Amino acid sequence: MADTEEADKHCGKYLCRTGNVANLCRFCMCPTQKSDDPRREDDLKNWKNIRQLLKKKDHDALQAMSQKHLDDNAWYRMRFGQLTDG
Ligand SMILES: [Zn+2]
């Protein structure tokens, strides 16, 4: 279990939640300026995509999704039973 701040740290997501960050949400790509619309259906963030960007050292793409550059996030190697897709 984790609160929002802890979960953001585990995911490597920016902790800042001002209008200057691209994404407030750690689950989806909803732009901050559109996050007041509960009917939006944006692409989901996932560890495979983030790991690809990390391998490519694509800092611009990571910043565009408010994601820190963590070279070796231990959570990416964790498996949680049948629910893990990797
Ligand atoms: Zn979201």
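Since the structure is predicted, the reported quantities are computational estimates derived from the model, not experimental observations. Both counts, for ligands and for their atoms, begin at 1 and track the order of listing. Throughout, numbering of the chain's residues begins at 1 and tracks the sequence. FYI, side chains are in, hydrogens and waters are out, and symmetry mates aren't considered; it's all heavy atoms of this structure.
- Below the 2.8 Å limit, the Zn ion (ligand 1) has as protein N, O or S neighbours C25 SG, C28 SG.
- In plain terms, the two heavy atoms of C16 and T18 that are nearest each other are SG-OG1, 3.3 Å.
- The minimum heavy-atom distance linking L62 with L53 is given by the pair CD2-CB, 3.8 Å.
- At least one side-chain heavy atom of R77 sits under 4.5 Å from a side-chain heavy atom of D72.
- With T32 contributing its side chain and G19 its backbone, the two residues share no donor-acceptor pair below 3.5 Å.
- M65 is listed as a side-chain neighbour of I50, based on a closest heavy-atom distance under 4.5 Å.
- Side chain of E6 to main chain of D3: a donor-acceptor pair is present (N/O by atom type, distance under 3.5 Å, no hydrogens or angles).
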